[in-house]
Amino acid sequence: MLHRFDAAGRHLDSRIRFTGTTADGEQKPIGAARLLLDEWLDVLPERQYQDIAIAPFAVRFGGSLFGLVLEEHVDEEDVDEEEEEDGGVRAEFRPDGLGFGAPWHGCCDT
């Protein structure tokens, strides 16, 4: 998958493609995914690697949710002290399950 954003961090579009399963081994689908991602990245104009801040977004593909999705905790036992400061709101990067929350410094929770 490749998600693109504008300079303000707003989602522009996503390219998502299924490259196979690991049922017969990991090498073939992972190799295909790496080649495809390299192809997609090679054609991006003025590509730069740096820290970014993005707005929440969601895209559905093949019945799965992709994106940075906001989640609110309603169960007080699930809210830690940092989340409490931000009203119990967290963001989860889907489908990988990386969680982000207050103080919004970029560190993730798996």
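As the structure is a computational prediction, the values presented were derived from the model and not from experiment. Worth knowing before you read on, the calculation uses all heavy atoms, side chains too, and leaves out hydrogens, waters and symmetry mates.
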Distance-only, no hydrogens or angles: does the T19 side chain make a donor-acceptor pair with backbone N or O of P29 under 3.5 Å?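 It does hold such a pair.
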Of all the heavy-atom pairs spanning E92 and G97, show the shortest one and how long it is.
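Shortest heavy-atom contact: OE2-CA, 3.2 Å.
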Hey, what do you get for [atom1] ([X]) to [atom2] ([Y]), rounding to the nearest 0.5 Å?
X	Y	atom1	atom2	result
S14	F5	OG	CZ	6.5 Å
I30	L35	CD1	CG	12.0 Å
M1	D96	CE	CG	5.0 Å
L44	L2	CG	CG	5.5 Å
I54	D6	CD1	CG	11.0 Å

Q. Should R60 and L65 count as side-chain neighbours, where that means a heavy-atom distance under 4.5 Å?
A.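 They are in side-chain contact.
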- Message: Whether E39 and R17 form a salt bridge (side-chain N of Lys/Arg under 4.0 Å from carboxylate O of Asp/Glu) is what I want to check.
- Response: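 The answer is no: the pair does not qualify as a salt bridge.
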Over 60° means perpendicular and under 30° means parallel, so tell me whether F57 and H11 are parallel, tilted or perpendicular.
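Taking H11 first and then F57, their aromatic rings lie parallel (interplane angle under 30°).
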Taking a hydrophobic cluster as the set of Ile, Leu, Val, Met, Phe, Trp and Tyr residues connected by side-chain heavy atoms closer than 4.5 Å, whether directly or through intermediates, do L12 and V69 fall within one such cluster?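 L12 does not cluster with V69.
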Apply side chain to side chain contact (heavy atoms under 4.5 Å, CB included) to R47 and L41, showing your working. CA-CA 8 Å; R47 176 180 48 171; L41 291 174; 3.0 Å; yes
